[in-house]
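Down below is the structure, laid out as structure tokens.
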Amino acid sequence: LRSRFNFARAILFPVGIISFVLAVFLVVVAILFIRRFVNPLADVIYAARAVADGNLDTRIPSKGPQDLQSLAESFNEMATSLERNDRERRGMLADIAHELRTPLSVIRGRLEGIVDGIYKADDGQVVSLALEQTYLLERLVDDLRLLTLAETRQLHFEKRSVDLAQLSQHTIDMFSAEAQEKNISLALEKGSGNYTAELDPQRMEQVIGNLIGNSLRYIPDGSKICLTLEETSKEVKLFVNDNGPGVAEDELPYLFDRFWRKDKSRTRSAGGTGLGLAIAKQLVEAQGGTIHA
């Protein structure tokens, strides 16, 4: 019996030692695995739930294997984009409310004045002012609708081969009377190249008109607006240049934003709806082109 006990102990003791060592090894491996893979994935799950709950400033630390780091970086980029879009959406709603408030206040004030007997109902000047504000509201709503359709790619384009030189000259002719009133030189410079491009002529005319109208609105009398056409092997470029006050380089990235104004105190009567360049950008990009300042 003693010999059997010694034999069993001689076998079980090494087996126990080996089992203990393996158990410790497995625990260490499990801890390392959790720290390297499970914890980063848990961070992603937690961050995804936080973003879903509206905490768009949530970010994930980039750690772990390369695949998990790429996942964390992609998630952070997505969260940054969502946060920026939410901020722009809130800003746009505030801008729209601000732009609608002024004409509505003017219309309300005139109508209340007529009701209270301050103004006569047949006072043409009072009615004209209120009517002018309704035109501004109508234009603002139409511009917002056009911008929304262009951004969501729901705007229909009838693209065909169009001579951009003829289209530009036609647009210039429409603004020639306004330019002459302000003694502004408005001209088109082009070579003998082929300036044909696949685009919607009506939408492109609107783009060129927005750019020319923007220049006419802000450059001083006696200035110059020059449209220049250039042809490359792959594209046609149209430049709209003027010698007005210009925009600071650090403000150029915001030039095509909705309701952006260089002069924050500028009124809508002097500055349009503030959507012209934003619409131009969307109309150009929707047709596969690019626009920049």
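Computed from heavy atoms alone, side chains included, the values below leave out hydrogens, waters and symmetry copies.
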Could R217 and E178 be called an ion pair, given the rule that one side-chain N must be under 4.0 Å from one carboxylate O? no
Supply the atom-to-atom distance L277 CG to N214 CG, rounded to the nearest 0.5 angstrom. 4.5 Å
Indicate, with yes or no, if L255 and L211 share a hydrophobic cluster defined by side-chain heavy-atom contacts under 4.5 Å among Ile, Leu, Val, Met, Phe, Trp and Tyr. yes
Taking the side chain as everything from C-beta on, heavy atoms only, tell me whether V51 gets closer than 4.5 Å to D53. no
Do D86 and R90 sit within salt-bridge range, that is, some charged N less than 4.0 Å from a carboxylate O? yes
Nearest heavy-atom contact between E231 and G193 is OE1-CA, 3.4 Å
Do K281 and H292 have side chains that approach each other closer than 4.5 Å (heavy atoms only, starting at C-beta)? no
Would you say that H170 contacts M174 through its side chain, given a criterion of any heavy-atom pair below 4.5 Å between the two side chains? yes
Any side-chain heavy-atom pair from E151 and R258 closer than 4.5 angstrom? yes
Is there a donor-acceptor pair under 3.5 Å between the side chain of E230 and the backbone N or O of V236? no
Could you measure the distance from the CD atom of E83 to the CG atom of N76? Nearest 0.5 Å is fine. 11.0 Å
Rounding to 0.5 Å, atoms CG (D200) and CD (Q287) come to a distance of 5.5 Å
Would you mind reporting whether I107 and L111 have side-chain heavy atoms less than 4.5 Å apart? yes
Among V207, I208, L167, which one satisfies side-chain contact (heavy atoms from CB on, under 4.5 Å) with L238? I208
Test side chain to side chain contact (heavy atoms under 4.5 Å, CB included) on I114 and K120 and set out the steps. CA-CA 6 Å; I114 293 175; K120 294 181 179 180; over 6 Å; no
Y46 reachable from M78 in the ILVMFWY side-chain graph, under 4.5 Å edges: no
Would the distance check show the side chain of N194 and the main-chain N or O of T196 forming a donor-acceptor pair, the cut-off being under 3.5 Å? yes
Might you point out which heavy atoms bring A165 and L188 nearest each other, and give the distance in Å? O-CD2, 3.6 Å
Any idea which heavy atoms bring I219 and G244 closest together, and the distance? CG2-CA, 3.5 Å
For G209 and F175, the nearest pair of non-hydrogen atoms, with its separation, is O-CZ, 3.4 Å
With a 3.5 Å distance limit and no angle check, can you tell me whether T134 reaches the backbone of L131 through a side-chain donor-acceptor pair? yes
Once you round to the nearest 0.5 Å, how far does CD of E158 lie from CG of L199? 12.5 Å
Side-chain ion pair, E73 and R59, N-O less than 4.0 Å: no
Judged by modelled atom types alone, do E285 and T290 share a side-chain donor-acceptor pair under 3.5 Å? no
Gap between atom CD1 of I96 and atom CG of L144 - 0.5 Å precision: 4.5 Å
Rounded to the nearest 0.5 angstrom, the CG-CD distance for D221 and E181 is 10.5 Å
Applying a strict under-4.5 Å side-chain criterion to I, L, V, M, F, W and Y, I'd like to know whether L227 and F239 cluster together. no
So does L275 get a backbone contact from the side chain of D143, meaning a donor-acceptor N/O pair under 3.5 Å? no
Check the hydrophobic clustering (I, L, V, M, F, W, Y; side-chain heavy atoms under 4.5 Å; chains of links allowed) and say if L147 and L155 are grouped together. yes
Quick check: do R153 and Q282 have side-chain heavy atoms less than 4.5 Å from each other? yes
Provide the closest heavy-atom pair for Q206 versus L283 in the form atom of the first, atom of the second, distance. OE1-CD1, 3.7 Å
Hey, does the side chain of S74 reach the backbone of S70 with a donor-acceptor pair shorter than 3.5 angstrom? yes
Would T80 and R84 count as a side chain to side chain contact (heavy atoms under 4.5 Å, CB included) if you check the C-alpha gap in whole Å, the side-chain angles of each, and the deciding distance to 0.1 Å? CA-CA 6 Å; T80 301; R84 182 176 62 253; 4.2 Å; yes
Would you say V247 and I212 are hydrophobically clustered, going by side-chain heavy atoms of ILVMFWY under 4.5 Å? yes
Does K159 NZ have over 12 foreign heavy atoms under 6.0 Å away? yes
Which atoms form the tightest heavy-atom contact between L146 and R203, and what is the distance? CD1-NH1, 3.7 Å
Treating Y195 as the side-chain partner and G191 as the backbone partner, does any N or O pair qualify as donor plus acceptor under 3.5 Å? yes
